[in-house]
Amino acid sequence: MKGKFQKPRGTQDILPLEQKYWFWIEDNFRAVMTAAGFGRIIFPTFEDTALFSRSVGEETDIVAKEMYTFADRGKNSLTLRPEGTAGVARAYIENGMHKEPQPVKLYYFGPMFRYDRPQAGRYREFYQGGAELFGEEDPIVDAQMIAVMIKFYKKLGLKNLVVQINSIGDAKGRPKLEKALVDFLSAHRRQLSAESKRRLAKNPLRVLDSKEKEDQAIADEAGGVLLDNLSKESKTYFTKVLEYLDDMGVKYELNPRLVRGLDYYTHTVFEIIDASTGLALGGGGRYDGLMKILGGPDTPAVGWALGVERTIDCLKKQKVDVPEGPSVDVFVIQLGDEAKKKAIRVIDELDEAGYSVGHALGRDSIKAQLRVADRNQARLAVILGEREVHDKSAIIRDLSDGSQESVADKSLSAAVGRKLKEKKK
RNA sequence: GUGGACGUAGCUCAGCGGUAGAGCUCUCGGUUGUGGUCCGAGCGGUCGUGGGUUCGAAUCCCAUCGUCCACCCCA
């Protein structure tokens with residue numbers, strides 16, 4: 001049976017068996033971010049379309065061709081969020097958080113939407129975990145943000161991750177930087193790919209991360225041009241970020257060609273890359289100019305986001321031992337009508353005693369019930385038949401070795417507790 | 001948005017013009033109230049969908065939807 005419908009392209013059903021990875025990530029994410037002093041924020045899944053086009057940048061692929069934009073019944077143009085930073089920044093301003101003690105540190109976890117052609121690790125609806133820090137401009141803050149991200153990945157148990165880092169200077173220095181870049185690239189215009197030529201006019205920085213073969217040599221050189229033309233302050237800032245990272249024991253690679261796809265970045269930009277696949281698990285950077293663009297008070301900010309599905313792929317690839325989902329301590333089995341009624345009470349009693357209790361009240365044969373117990377990896381079974389109903393007792397069966405004992409009803413939950421304890425040793 | 005591969009049972013796949021198959025899963029059974037192993041039986045598919053070619057199509061053709069891969073881009 002296929003049914004009449006299939007899920008929309010690029011979306012996925014995440015079934016119970018898969019959930020252990022999600023819990024592992026969500027739990028660790030929450031723990032690490034909370035410990036680092038970040039507060040959680042939940043913000044709308046859709047926003048005014050203009051919020052994204054302003055902050056992410058009209059020329060970016062995200063805005064130009066990947067947004068899920070629709071008009072609501074009130075004729076407002078809304079867009080399913082393609083990323084988190086714009087929404088969090090908007091919330092910061094709208095809720096007057098600039099009047100709170102700075103820095104304000106926020107984290108989020110939730111779905112994002114981009115109309116893109118699906119591929120490995122790329123979906124139309126996908127989850128990101130992200131963090132933003134507002135109101136402080138100091139190299140050590142940039143370094144700390146990166147360190148927190150690395151800490152999270154470490155806690156997950158992932159290895160072989162590389163931090164790539166670069167600086168694209170501040171807004172003041174940007175004109176000079178772009179001019180130097182344009183001059184350099186124009187001089188080599190004939191060797192550039194068509195796409196790079198287009199970017200040269202619209203967004204010269206993006207030429208740097210071109211993957212076109214013919215662009216490689218020039219882009220490599222252009223990375224050097226970028227570094228050479230950073231303003232003195234920007235260079236100092238960047239150097240300090242790197243020094244702090246050294247002090248924090250965070251390993252990184254300089255990648256002069258790293259520029260990120262969103263317009264709002266300034267100064268530090270970075271990505272976390274899975275060294276075995278070359279795929280970016282997450283990335284971020286500083287975006288001191290964004291707040292003003294959104295009509296808020298001039299507020300410096302740093303942030304990052306990581307892709308949850310990609311992180312899960314990585315966990316699987318590296319065979320990280322992720323804790324299993326909830327296991328069943330004790331499985332209650334009943335035979336006959338009277339026993340079924342008794343089972344209801346026993347299940348309730350064991351549940352209230354704090355055990356995780358399994359049962360298959362809809363099945364009648366003991367064979368079928370034991371099979372279910374086995375599949376649920378239950379550790380003990382409590383068997384109730386007519387005999388036990390009359391004797392006011394129950395049989396406790398150890399499902400790993402098959403040993404059984406009969407206990408009186410009133411000492412049942414105590415006996416279950418004792419048995420479980422024994423098995424742990 | 002471009003190029004390529006592929007859509008057959010819940011899952012993994014075979015069949016590639018002549019009445020739908022395997023393995024795994026699942027359900028039941030292997031005598032009286034005992035699972036995981038083993039053995040047996042059974043359930044389960046209008047072969048993604050819609051057209052077309054043909055006496056006849058899962059098999060050929062077209063379209064469409066979806067999946068995967070590369071590019072583009074990104075998380």
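Chain A is the first sequence line, chain B the second, and so forth, proteins listed ahead of strands; every chain is numbered from 1.
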Between [N] and [M], how far is it from one [atom1] atom to the other, in whole Å?
| N | M | atom1 | value |
| --- | --- | --- | --- |
| G10(B) | C69(B) | P | 24 Å |
| G45(B) | C13(B) | C1' | 14 Å |
| G15(B) | A75(B) | C1' | 41 Å |
| G42(B) | U25(B) | C1' | 14 Å |
| G56(B) | U19(B) | C1' | 11 Å |
| G21(B) | G44(B) | P | 14 Å |
| G1(B) | A9(B) | C1' | 37 Å |
| C62(B) | G7(B) | P | 15 Å |

What's the closest nucleotide to the [X] side chain, out of [options]?
| X | options | answer |
| --- | --- | --- |
| Arg310(A) | C74(B), G35(B), C28(B) | C74(B) |
| Asp374(A) | G36(B), C26(B), A75(B) | G36(B) |
| Lys65(A) | C72(B), A75(B), G35(B) | C72(B) |

What contact category does [X] fall into here, base, sugar-phosphate, or nothing, at under 4.0 angstrom with non-hydrogen atoms?
| X | value |
| --- | --- |
| Ala280(A) | sugar-phosphate |
| Gly402(A) | base |
| Ser400(A) | base |

Just name whichever nucleotide pairs with [N], Watson-Crick or G-U, keeping both distances under 3.5 Å, else none.
| N | value |
| --- | --- |
| C60(B) | G52(B) |
| G21(B) | C13(B) |
| U67(B) | A5(B) |
| C72(B) | none |
| U37(B) | none |

Rounding to a whole Å, what distance do you find between [X]:[atom1] and [N]:[atom2]?
| X | N | atom1 | atom2 | result |
| --- | --- | --- | --- | --- |
| Asp61(A) | A75(B) | CG | P | 11 Å |
| Ile333(A) | G35(B) | CD1 | P | 10 Å |
| Ile62(A) | C74(B) | CD1 | P | 7 Å |
| Leu399(A) | U37(B) | CG | C1' | 16 Å |
| Gln404(A) | G36(B) | CD | P | 15 Å |
| Arg363(A) | G35(B) | CZ | P | 15 Å |
| Met67(A) | C74(B) | CE | P | 15 Å |
| Arg375(A) | U34(B) | CZ | P | 18 Å |

Is the shortest distance from a Lys or Arg side-chain nitrogen in [X] or [Y] to a carboxylate oxygen in the other one below 4.0 Å?
| X | Y | result |
| --- | --- | --- |
| Asp183(A) | Lys179(A) | yes |
| Glu405(A) | Arg418(A) | yes |
| Lys317(A) | Asp274(A) | no |
| Lys105(A) | Glu136(A) | no |

Can a donor-acceptor pair be found between the side chains of Glu132(A) and Tyr287(A) at a distance below 3.5 Å?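 Note: Glu132(A) and Tyr287(A) side chains meet the donor-acceptor criterion.
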
Please enumerate all protein N or O atoms sitting under 3.5 Å from an N or O of nucleotides 63-68 of chain B, with distances to 0.1 Å.
residue: C65(B); atom: O2'; partner: Gln6(A); partner atom: OE1; Å: 2.7
residue: U67(B); atom: OP1; partner: Gly10(A); partner atom: N; Å: 2.7
residue: U67(B); atom: OP2; partner: Arg9(A); partner atom: NE; Å: 3.0

Face-on cation placement of Arg286(A) at Tyr237(A) ring, 6.0 Å and 45° thresholds: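 No, Arg286(A) does not sit over the ring of Tyr237(A).
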
For nucleotides 30-33 of chain B, tabulate all protein N/O to nucleotide N/O atom pairs closer than 3.5 Å, reporting atom names and distance.
residue: G30(B); atom: N7; partner: Lys367(A); partner atom: NZ; Å: 2.9
residue: G33(B); atom: O6; partner: Arg387(A); partner atom: N; Å: 3.3
residue: G33(B); atom: O6; partner: Arg387(A); partner atom: NE; Å: 3.3
residue: G33(B); atom: O6; partner: Arg387(A); partner atom: NH1; Å: 3.3
residue: G33(B); atom: N1; partner: Glu388(A); partner atom: OE1; Å: 2.9
residue: G33(B); atom: N1; partner: Glu388(A); partner atom: OE2; Å: 3.4

Least distance between heavy atoms, Ala305(A) atom then Tyr108(A) atom: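 Shortest heavy-atom separation between Ala305(A) and Tyr108(A) comes out as CB-OH, 3.8 Å.
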
Using the side chain to side chain contact (heavy atoms under 4.5 Å, CB included) rule, take Thr266(A) and Leu290(A) through it: C-alpha gap first, then chi angles, then the decisive distance, then the call. CA-CA 9 Å; Thr266(A) 54; Leu290(A) 180 61; over 6 Å; no

Using a 3.5 Å distance criterion without hydrogens, assess whether the side chain of Ser356(A) forms a donor-acceptor pair with backbone atoms of Asp329(A).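 Yes: the side chain of Ser356(A) pairs with the backbone of Asp329(A).
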
When only distance counts, do a donor and an acceptor, one from the side chain of Gln369(A) and one from the base of U34(B), lie under 3.5 Å apart?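 No such pair is found, so the answer is no.
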
Taking the six-membered ring where the residue is Trp, are the ring centres of Phe46(A) and Phe113(A) under 6.0 Å apart?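 Phe46(A) vs Phe113(A): aromatic centres not under 6.0 Å.
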
Evaluate Asp170(A) against Asp288(A) for side chain to side chain contact (heavy atoms under 4.5 Å, CB included), listing each step before the verdict. CA-CA 8 Å; Asp170(A) 58 16; Asp288(A) 292 339; 6.0 Å; no

Over 12 foreign heavy atoms within 6.0 Å of CD, Glu386(A):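 No, not enclosed.
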
